[in-house]
A.B. asks: 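Got a structure here, written out as structure tokens. Questions coming.
Chain naming here is simple, since letters A, B, ... match the order of the sequence lines and numbering starts at 1 in each. Everything numeric here is computed off the predicted structure, so don't read it as measured data. Atoms considered below: every heavy atom in the structure, side chains included; atoms not considered: hydrogens, waters and symmetry mates.
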Amino acid sequence: MTGNFVIYNTLTRKKEVFKPLVEGKVGLYVCGPTVYSDSHLGHARPFITFDVLYRYLNYLEYKVRYVRNITDVGHLEDEVEGSGEDRISKKARLEKLEPMEVVQKYMNSFHFNMMQLNVKPPSIEPRASGHIIEQQELIESLLTKGFAYESNGSVYFDVEKYNQDFDYGKLSGRNLDDIRTNTRKLDGQEEKKNSFDFALWKKATPEHIMRWSSKWSDGFPGWHLECSAMSTKYLGEKFDIHGGGMDLTFPHHECEIAQSTANLGEEPVQYWMHNNMIKINGQKMARSLGNFVTLQELFSGNHEILEQAYSPMTIRFFVLQAHYRSELDFSNEALQASEKGLNRLMTALSTLNEIQASKVSTVDFDSVKEKCFAALNDDLNTPIAIAHLFDGVKIINSIKAGKESISVRDLNDIKSFYNKVVFEILGLQEENSDAKENSEILSGVVELLIELRKQAKSNKDWGMADKIRDDLNKIGIEIKDTKDGVDWMLK
RNA sequence: GGUCUCUUGGCCGAGUGGCUAGGCAGUGGUCUGCAAAACCAUGUACGGCGGUUCGAAUCCGCCAGAGACCUCCA
């Protein structure tokens, strides 16, 4: 119905027509969050991006199994921080919580944020801590096949050996010689044959709380391992799409490919998709850089750099107004633009329900529809798709204004088109309307005040009329005099 | 230092050899007692310097600036 869906594949650095391994079915894996603190705006981007991918694949009538992991075993800290302490256990000590309590807390808040952003839950959300056995089995297999070696209770992946049979660095465009000469010297690497070897199993230091027993040592899995183990378990040895942030390309995804390929003999993933970063003041927003704004802060406006609160849908729309492979600059001005743009789009959708159909259509909506889907098909180009939605808005408004007319059939067609694209595929939703509809008491009170104001107006008592309007405005209720009467909404 | 990417009008952001998105802001207008909202109209921008071409923001080269990765990171 909608032509070929094209995806930019990081592996080939080209756009490719998407063709699933199994007709009609898609296996999708996306790197999920490490749950040790609240999610920030940067985290929201991949989850919104791949949520739209998931929704679009569903729209294209694929049966999708979407796996998105939760990293809850913690990984090594930056060496500069000392100790090699697990980042989750470190936080736990600071807050005097059990590690799993920290995990639970932030997993809950992550889920809540995702719900606010209308990000659909994945089909399976496996936790690394629940797949220690699978990860150990994978290590075992790599040891048996000679791609890993044990050293002082830890197990490392032998990159050199792997590179003899396969191509280490193909995803990120590196080769081993470059890596060899350019890898920085880090401490605590004497155990490894080569500095670029990475841990599959790490022996825990005494103060490390999160640990599991194994034949090698009491320890914990290396940070690339869980994705290999869990994607294989739930999606099979070969699956269609793997997504994640661009900053994970190397080393994380590179190592993931190496582990899986060494184990399975062939590459597991057909299409690698990477979203770009959100920037703030010209720099990547990242926890480590301390320049982040959490989603909760964004939604409440409670952060010094925020001029106001921004609703979840504003954030979602903001993210979708840029292509997922482009950098996106954060600023109050940009966010406010998105807020107003979204409002314009949503207003047009409700206008759609007020339009009276005529016998004939004087407008042609087909090109809007075609261009919109063409954009989505072109590597999920949501900004272009949205641009065409706005072209449609212009048409809708001119019908409303009586400049154009539309037949019943075409009107229904447009309604279903906007429903599909805006709500189903882009995953936007109405905000605020709930409060208005759900509170009969409030609604009754406001209607009464509007009635009183109307009387004041007919008596030309502008002072009273304006007082009612302005005071309501102060407590967050906006009164609008429109052609068709008085409308009100919660701000 | 190595690998890679980017530089578009006041802001955010598409595009990638000729047809010169879209949103926001600004300006003008419609509506209105006023206001807000809404709606309509309106902007010829592509870092600099060369080159290729009938024609370049789009291709090539150089220069300048910014960023990402190489280390936990969405």
A.B. asks: Once each nucleotide of nucleotides 15-26 of chain B is scored for protein heavy atoms under 4.0 Å, what B/S/- sequence comes out, 5' to 3'?
C.D. replies: S-----BSBSS-

A.B. asks: Looking for any heavy atom pair under 4.0 Å, which part of the strands does A:Glu339 touch: base, sugar-phosphate only, or nothing?
C.D. replies: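 Nothing, no nucleic acid heavy atom in range.
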
A.B. asks: Which is more 5' along RNA chain B, the nucleotide nearest A:Met277 or the one nearest A:Val393? Just name the residue.
C.D. replies: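 The answer here is A:Val393.
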
A.B. asks: Run the numbers on A:Phe166 and A:Ile257 for side-chain contact (heavy atoms from CB on, under 4.5 Å), then give the verdict.
C.D. replies: CA-CA 10 Å; A:Phe166 305 99; A:Ile257 290 177; over 6 Å; no

A.B. asks: Considering only the C1' atoms, how many Å lie between B:G9 and B:U5, rounded to the nearest integer?
C.D. replies: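 Their C1' atoms lie roughly 23 Å apart.
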
A.B. asks: Among the nucleotides B:C34, B:A38, B:G67, which one has an atom lying closest to any side-chain atom of A:Asp466?
C.D. replies: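 Nucleotide nearest to A:Asp466's side chain: B:C34.
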
A.B. asks: In whole Å, measure the gap between the C1' atoms of B:U58 and B:A25 for me.
C.D. replies: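 28 Å, rounded to whole Å.
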
A.B. asks: In whole Å, I'd like the distance from the NZ atom of A:Lys457 to the C1' atom of B:U32.
C.D. replies: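 About 8 Å, once rounded to whole Å.
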
A.B. asks: Salt-bridged, A:Lys474 to A:Asp470, with N to O below 4.0 Å?
C.D. replies: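 Looking at A:Lys474 and A:Asp470, the cut-off is not met.
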
A.B. asks: Tell me every residue that passes salt bridge (charged side-chain N to carboxylate O under 4.0 Å, His left out) with A:Lys15, counting only those two or more places apart in sequence or in another chain.
C.D. replies: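 A:Lys15 satisfies salt bridge (charged side-chain N to carboxylate O under 4.0 Å, His left out) with A:Asp378 once adjacent residues are dropped.
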
A.B. asks: Select base, sugar-phosphate, or nothing to describe what A:Ala401 touches, counting heavy atoms under 4.0 Å on all strands.
C.D. replies: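 Counting heavy atoms under 4.0 Å across all strands, no contact is made by A:Ala401.
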
A.B. asks: For A:Ser398 and for A:Arg13, find the nucleotide of RNA chain B with the closest heavy atom, then tell me which residue's nucleotide is more 5'.
C.D. replies: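 Final value for this comparison: A:Arg13.
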
A.B. asks: How would RNA chain B look in dot-bracket form, 5' to 3', counting Watson-Crick and G-U wobble pairs with both distances under 3.5 Å and writing | for bases paired to another strand?
C.D. replies: ((((((((.[[[)....(...]]].(((((.......)))))....[[[[[..)....]]]]])))))))....

A.B. asks: Among A:Lys105, A:Met107, A:Arg127, A:His111, which one satisfies side chain to side chain contact (heavy atoms under 4.5 Å, CB included) with A:Val35?
C.D. replies: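 Answer to the side chain to side chain contact (heavy atoms under 4.5 Å, CB included) test with A:Val35 among A:Lys105, A:Met107, A:Arg127, A:His111: A:Met107.
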
A.B. asks: Give one of base, sugar-phosphate or nothing for A:Asn343, where a contact means two heavy atoms less than 4.0 Å apart.
C.D. replies: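 Result for A:Asn343 = sugar-phosphate.
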
A.B. asks: Quantified in whole Å, what is the P atom distance between nucleotide B:A36 and nucleotide B:U20?
C.D. replies: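 Rounded to whole Å, the distance is 34 Å.
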
A.B. asks: Can you list everything that forms a side chain to side chain contact (heavy atoms under 4.5 Å, CB included) with A:Ser228? Sequence neighbours excluded, please.
C.D. replies: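 Scan of A:Ser228 (side chain to side chain contact (heavy atoms under 4.5 Å, CB included), adjacent residues dropped) gives A:Leu138, A:Glu256, A:Gln259, A:Ser260.
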
A.B. asks: In whole angstrom, give the distance that lies between atom CG of A:Asn276 and atom P of B:C4.
C.D. replies: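 So the two atoms are 17 Å apart, to the nearest Å.
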
A.B. asks: What distance, rounded to whole Å, do you find between the two C1' atoms, one in B:G43 and one in B:C24?
C.D. replies: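 14 Å, rounded to whole Å.
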
A.B. asks: Within the distance-only criterion (no hydrogens, no angle test), does the side chain of A:Glu431 pair as donor or acceptor with the backbone N or O of A:Met313 below 3.5 angstrom?
C.D. replies: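 Side chain of A:Glu431 to backbone of A:Met313, a donor-acceptor pair under 3.5 Å: yes, one is there.
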
A.B. asks: If we ignore angles and hydrogens, is there a donor and acceptor under 3.5 Å between the side chains of A:Tyr106 and A:Asp72?
C.D. replies: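 Short answer, no.
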
A.B. asks: Checking all strands, does A:Arg287 fall into the base, sugar-phosphate, or nothing category for heavy-atom contacts under 4.0 angstrom?
C.D. replies: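 If one applies the 4.0 Å heavy-atom cut-off, A:Arg287 turns out to touch nothing in the nucleic acid.
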
A.B. asks: Residues two or more places apart in sequence or in another chain: which of them pass ring-ring contact (aromatic ring centres under 6.0 Å, His included) with A:His43?
C.D. replies: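 Expected list: A:His40.
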
A.B. asks: Ignoring backbone atoms, establish whether A:Asn473 has a side-chain N or O less than 4.0 Å from OP1 or OP2 of B:A35.
C.D. replies: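 No, A:Asn473 has no side-chain N/O under 4.0 Å of OP1/OP2 on B:A35.
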
A.B. asks: Salt bridge between A:Lys394 and A:Asp391, side-chain N to carboxylate O under 4.0 Å?
C.D. replies: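 Result for this pair is no, no salt bridge flagged.
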
A.B. asks: Under 3.5 Å, is there a donor-acceptor pair between the A:Tyr156 and A:Glu191 side chains?
C.D. replies: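 Their side chains do contain a donor-acceptor pair, which is all the 3.5 Å distance test asks for.
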
A.B. asks: Distance check, P atoms only: B:A56 and B:G50, in whole angstrom units.
C.D. replies: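 Going atom to atom, P in each nucleotide, I get 14 Å.
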
A.B. asks: For the side chain of A:Phe250, counting heavy atoms from C-beta on, which of B:C11, B:C40, B:C70 is nearest?
C.D. replies: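 The closest nucleotide is B:C70.
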
A.B. asks: How far, in whole Å, is B:U16 from B:A57 if one measures between their P atoms?
C.D. replies: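 Per the computed distance, 16 Å lies between those P atoms.
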
A.B. asks: Take atom CD of A:Gln283 and atom C1' of B:U7, then tell me their distance rounded to the nearest Å.
C.D. replies: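 That distance rounds to 17 Å.
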
A.B. asks: Side chain of A:Arg174, backbone of A:Tyr168: donor and acceptor closer than 3.5 Å?
C.D. replies: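 A pair under 3.5 Å: no.
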
A.B. asks: Taking atom P in both B:C54 and B:G28, what distance in whole Å separates the two?
C.D. replies: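 Rounded to whole Å, the distance is 47 Å.
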
A.B. asks: Just N and O in the side chain of A:Asn175: are any of them under 4.0 Å from OP1 or OP2 of B:U3?
C.D. replies: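 False: A:Asn175 side-chain N/O out of range (4.0 Å or more) of B:U3 OP1/OP2.
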
A.B. asks: Identify whether any heavy atom of A:Gly42 sits under 4.0 Å from a base atom; if not, whether one sits that close to sugar-phosphate; answer base, sugar-phosphate or nothing.
C.D. replies: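 Base, at least one base heavy atom under 4.0 Å.
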
A.B. asks: Please tell me which of the listed nucleotides, B:G67, B:C70, B:C12, lies nearest to the side chain of A:Leu328?
C.D. replies: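 Shortest atom-to-atom distance from the side chain points to B:C12.
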
A.B. asks: P atom, B:C40 versus B:G22: distance in rounded Å?
C.D. replies: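 So the two P atoms sit 13 Å from each other.
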
A.B. asks: Provide, to the nearest angstrom, the distance between the CH2 atom belonging to A:Trp462 and the P atom belonging to B:A35.
C.D. replies: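 Those two atoms, CH2 and P, are 13 Å apart.
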
A.B. asks: A:Asn291 CG to B:A68 C1': how many Å, rounded?
C.D. replies: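 Going from CG in A:Asn291 over to C1' in B:A68 covers 14 Å.
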
A.B. asks: Let me have the donor-acceptor pairs involving side chains of residues 363-374 of chain A, under 3.5 Å, with sequence neighbours excluded, atom names and distances please.
C.D. replies:
{"from": "A:Asp364", "atom 1": "OD1", "to": "A:Asp366", "atom 2": "N", "distance (Å)": "3.0"}
{"from": "A:Lys369", "atom 1": "NZ", "to": "A:Asp413", "atom 2": "OD2", "distance (Å)": "2.6"}

A.B. asks: Within this structure, what is the OH-to-P distance between A:Tyr324 and B:C12, rounded to whole angstrom?
C.D. replies: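 Distance, rounded to whole Å: 23 Å.
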
A.B. asks: Is any side-chain N or O of A:Arg469 under 3.5 Å from a base N or O of B:C34, one able to act as donor and the other as acceptor?
C.D. replies: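 Between B:C34 and A:Arg469, which were checked side chain against base, a qualifying N/O pair under 3.5 Å is present.
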
A.B. asks: Name the nucleic acid region contacted by A:Lys403, choosing base, sugar-phosphate or nothing; use a 4.0 angstrom heavy-atom cut-off, strictly under.
C.D. replies: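 Sugar-phosphate contact only - A:Lys403 comes under 4.0 Å of backbone atoms but never of a base.
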
A.B. asks: Could you check how far OH of A:Tyr168 sits from C1' of B:U3, rounded to whole Å?
C.D. replies: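 Nearest whole value for this atom pair: 14 Å.
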
A.B. asks: Atom CE of A:Met464 to atom C1' of B:C34: distance rounded to whole Å?
C.D. replies: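 For the pair A:Met464 CE and B:C34 C1', the rounded distance is 17 Å.
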
